[in-house]
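Order of listing sets the numbers, starting from 1, for every ligand and every atom in it. The figures here come from the full heavy-atom set of this structure, side chains too, leaving out hydrogens, waters and symmetry mates. Given the structure is predicted, the values throughout are model-derived calculations rather than measurements.
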Amino acid sequence: MPLYRAAGLTRRDLLAGAAAAAVAMPGTKAFGMALPALPLNAIVTRAPLTGGAGPKSEVWAFGGTVPGPLLRARQGEEFALRFGNRLPVASAIHWHGLRIANAMDGVPGLTQSAVAAGAEFEYRFTPPDAGTFWYHPHERSFEQVPRGLAGALIVEERDPPQADRDVTWLISDWRLDGDNKLVEGFGSRHDQVHAGRLGNHITVSGDPQPEVKVLANDRVRLRIINACSARILNLRLEASQPKLIAVDGQPVGPTTSYGEALTLGPGNRVDLMVDMIGPPGHVIPLTEISGERLELARLVFQGAEQRRPAPLVAPVALTPNPLKEPDRKDALVVPLVMTGGAAGETDMSAMQGTGAVWQFNGTAGMMMAAGSAQAATGEPLFRVPRGRTVHIRFDNQTVFPHAMHLHGHHFRLLERQNGPAPQPFWWDTLLVQPGETSVVGFVADNPGKWMLHCHMLDHQASGMDAWFEVAG
Ligand code: C2O
Ligand code: CU
């Protein structure tokens, strides 16, 4: 794909849709001048969430599309984007999974002020890691994400592995009424105390059932992002031996031993490398198998045409990103006991007044009152000198799974009880099952104030958020 140098978007993305119209072409980088920032406005618009059938839905959209435009940055090179807030409310952009400077992390009240309606904010950072990431607001995210504000950010490897196609599937779910209107009541108490806002309609990159055309013996890199507010996805690609090559943006394997399905909590990503082996007209569906098997998307072989006479045999391993291995023994150990929610230990009546239904170590909403953009209040969960290893011991005493997400760092899963055996992956978001205890480790090497929260966005807003500080 041809890239405009110093820009975040490819030609294809620019031509792809309404987003294109809003995007001015940044020039090439000149000596002594700052890299021009790519403009990206969030607006209120309408999108065909159910495809051709039925009325369009009013959504909030980066660049005018859901999901927002696919942004491309390059590993080790500066990326600049000017966010224009054309929404009726304050917002901001968080770059999920990127280990960038704290001031660019996009968390109102902690790393920046919320960007007021009509205002702009320039993000400028240099991603150290290549991989599949995504962006979304961190301001009332329990409302702004399910209204449509999310998009993929790909940081390209300096030396990418051979692939004929690079396909990104960003999965969102929507709660629609009979007229395709988004059901209001974001952040309802019912959603908060249960599994969060689950939609009744799923789209893959904005499409209810996309088809991607492939040729026999193509090698396809497939990037899958769970951008749902609360839904856990158990996905199967019905192809022979899809190879898992990255988790949460960080290279793994390649491996085919990930069980029957790929489990993605909200916020998680996987990269697969798949060789298209099959007869003419063959179809490879992506199915969600949590309940009734649901086809979400498909790869469709184009007739009898072949990319090459036989599938590629070249290896697909990605170059590891520059992450420091956590010390397995010498660490600051942080216990994090998760309680609350429906059928939890806490009596619902005891929650009245605080507005919070979940607790970390007995404290609800360590950072912010639910949904408010106030400056950070309260104490951090921990403070740590830069370079020290931290072990967080997640102890899920609730009856719900939680997707625990750490900002500015990736972690290893060091130990797990009452859950699947730990895999040798790096994560930024870890699904912790009810009754599970998991110890994760990371080197706190990125100075600043960082959030640690459940990525089930209604849980985040009702007590499951905290922050920590890495001293400069
Ligand atoms: Cu994807 Cu704190 O967020
Ligand atoms: Cu949760």
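Rounded to 10 degrees, the ND1-metal-ND1 angle spanning His459 and His402 at the Cu ion (ligand 2) equals 100°. For the pair ND1 of His96 and NE2 of His455, the angle at atom 1 (Cu) of ligand 1 is about 100°; rounding is to 10 degrees.
Counting backbone and side-chain atoms alike, His94 contributes no N/O/S atom closer than 2.8 Å to atom 2 (Cu) of ligand 1. Coordination check, His136 versus atom 1 (Cu) of ligand 1: passed, since an N/O/S atom of the residue sits under 2.8 Å. Here His453 reaches atom 2 (Cu) of ligand 1: one of its N/O/S atoms is less than 2.8 Å from the metal. Here His407 meets the criterion, with an N, O or S atom under 2.8 Å of atom 2 (Cu) of ligand 1.
Heavy-atom contacts from other residues, nucleotides or ligands closer than 6.0 Å to CZ of Arg393 number 12 or fewer.
Side-chain atoms of Asp173 never come within 3.5 Å of backbone atoms of Cys228 as a donor-acceptor pair (strictly under, hydrogens ignored).
Classification of Glu120 and Arg86 as a salt-bridged pair holds, one side-chain N sitting under 4.0 Å from a carboxylate O. With salt bridges taken as basic N to acidic carboxylate O contacts below 4.0 Å, none links Arg388 and Asp327. Between Arg147 and Glu184 there is a salt bridge, with a side-chain nitrogen of the basic residue lying less than 4.0 Å from a carboxylate oxygen of the acidic one.
Per residue His138, closest N, O or S atom to atom 2 (Cu) of ligand 1: atom name NE2.
Atom CZ of Phe360 sits about 3.5 Å away from atom CE of Met404, to the nearest 0.5 Å.
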